[in-house]
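Atoms within a ligand are numbered from 1 in the order they appear, just like the ligands themselves. Computed over heavy atoms, backbone and side chain alike; hydrogens, waters and symmetry mates excluded.
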Amino acid sequence: MFFAGRFSYSLSRPLIMGILNVTPDSFSDGGRFFSPQQAIEQGLRLVEEGADILDIGGESTRPGAARVSEKEELERVLPVLEGLSKAGVALSIDTQKPAVMRAALAAGADMVNDVNALQQAGALAAVAGSKAAVCLMHKQGDPQNMQQLPLYHDVVAEVHDFLQARIQAALAAGIKRERIVIDPGFGFGKNLEHNVSLLRQLQAFQDLGVPVLAGLSRKSMLGKIANVDVQDRVHASVAAALLAALRGAKILRVHDVKATRDALTIVNAIEGWHE
Ligand code: HH2
């Protein structure tokens with residue numbers, strides 16, 4: 001079982017996490033859902049399309065993105081969290097800031113999605129004091145510099161060992177294993193070859209004993225392989241999500257919920273993955 005705030009899941013089939021960026025500058029949908037009202041409407045649309053979880057983010061992590069102040073991030077995400085509190089799905093807050101985590105959890109968030117794997121001072125305690133789930137993600141460097149020269153000796157082993165250490169840190173802080181999810185962090189300080197190795201060997205993370213989340217949606221690795229612009233990566237994204245699911249990913253973080261849901265329904269039927 002996987003527990004996230006008000007919700008619990010058997011994970012007998014992969015869950016779909018719909019992306020809700022309340023930012024003016026996200027790499028694929030920047031500015032489209034920037035007002036709280038627009039974001040809430042988009043969130044409800046994603047639930048109708050089949051999202052199991054909504055991932056609400058007020059700070060872009062795309063390569064080169066500017067940092068956002070705590071106050072500004074909270075002004076972006078809190079009205080959206082409140083507006084979607086009765087949407088019937090788990091609400092995840094995509095943030096690296098402990099103060100934003102605490103405020104979001106107090107406002108009812110069910111999950112914290114931290115691309116910094118709770119490494120900032122106070123982040124572990126912010127989550128440990130709640131019933132929320134947490135996604136621990138690997139990255140090398142920061143959005144400001146991470147694509148300059150990503151370097152690994154063995155990318156799969158290094159990401160695996162980092163995530164293992166962060167699981168241990170989370171457990172030591174009092175976060176229950178049933179509330180922890182890990183993510184290799186596609187595109188976060190990784191070149192095409194690194195990203196391909198991670199997806200090809202995604203099964204290598206199964207031995208960590210917690211669900212794996214995969215965020216491949218519309219990312220540049222897909223653009224590079226298929227030679228398609230960011231607004232034209234739906235089909236490539238769906239293919240990547242299914243490949244991740246077939247390699248054991250239990251949460252798929254996607255922009256295109258309906259397309260992913262339809263495609264996943266076929267995989268679920270053939271693989272015998274049911275509710
Ligand atoms: N990718 C992005 C943001 N947050 N969180 C997790 N756990 N895994 C990911 O792969 C991941 C993430 C980047 O994508 P997006 O939200 O579309 O863009 P932006 O960061 O520009 O808002």
Under 4.0 Å between a Lys/Arg side-chain N and an Asp/Glu carboxylate O for Asp232 and Arg218?
no
Contacting atoms of ligand 1, where contact means under 4.0 angstrom from a heavy atom of Asn21:
15 (P), 16 (O), 17 (O), 18 (O), 22 (O)
Any His255 heavy atom less than 4.0 Å to ligand 1:
yes
Heavy-atom contacts with Val115 under 4.0 Å: which atoms of ligand 1 show up? List them by number with element.
4 (N), 5 (N), 12 (C)
May I ask you to identify the nearest protein heavy atom to atom 2 (C) of ligand 1, giving residue, atom name and distance to one decimal place in Å?
Arg253 NH1, 3.4 Å
Would you check if the distance from the ring center of Tyr152 to the ring center of His194 is below 6.0 Å?
yes
Using the side chain to side chain donor-acceptor pair (under 3.5 Å) rule, pick out the option among Asp183, Asp94, Thr260 that qualifies with Arg253.
Asp94
Side-chain contact, heavy-atom cut-off 4.5 Å: Glu73 with Glu59?
yes
Who's closest to atom 13 (C) of ligand 1 heavy-atom-wise, of Thr61, Asp114, Val230, Leu136?
Thr61
For ligand 1, is any non-hydrogen atom under 4.0 Å from Asn113's backbone (N, CA, C, O), its side chain (CB onward), both, or neither?
side chain
Using a strict 4.0 Å threshold on nitrogen-to-oxygen distance, state whether Glu49 and Arg45 make a salt bridge.
no
Donor-acceptor contact below 3.5 Å, side chain Ser12 vs main chain His274
yes
Of all protein heavy atoms, the one nearest atom 4 (N) of ligand 1 is Asp94 OD2, 3.1 Å
Carefully, step by step, assess Leu192 and Val196 under the rule side-chain contact (heavy atoms from CB on, under 4.5 Å).
CA-CA 6 Å; Leu192 179 59; Val196 167; 4.0 Å; yes
Under a heavy-atom criterion of less than 4.0 Å, does Lys219 contact ligand 1?
yes
Asp52/Arg13 ion pair, N-O < 4.0 Å
yes
Given Asp183, Ile19, Ile182, identify the one with the heavy atom nearest to atom 8 (N) of ligand 1.
Asp183
More than 12 heavy atoms of other groups within 6.0 Å of Arg200 CZ:
no
With a cutoff of 4.0 Å, is Thr23 in contact with ligand 1, counting heavy atoms of the residue only?
no
Under 3.5 Å: N/O of Glu59 near N/O of ligand 1
no
min-distance protein heavy atom vs atom 22 (O) of ligand 1 -> Ser26 OG, 2.5 Å
Do Gln119 and Asp114 have side chains that approach each other closer than 4.5 Å (heavy atoms only, starting at C-beta)?
no
Does a side-chain N-to-carboxylate-O contact under 4.0 Å join Arg233 and Asp229?
no
Nearest to atom 21 (O) of ligand 1, what protein heavy atom do you find, and at what distance?
Ser60 OG, 2.6 Å
Can you list the atoms of ligand 1 that are under 4.0 Å from a heavy atom of Gly215?
10 (O)
With a 4.0 Å cut-off on heavy atoms, is Cys135 in contact with ligand 1?
yes
Quick one: does ligand 1 sit under 4.0 Å from the side chain of Leu216, the backbone, both or neither, non-hydrogen atoms only?
neither
Which protein heavy atom lies closest to atom 18 (O) of ligand 1, and at what distance to 0.1 Å?
Phe27 CD2, 3.3 Å
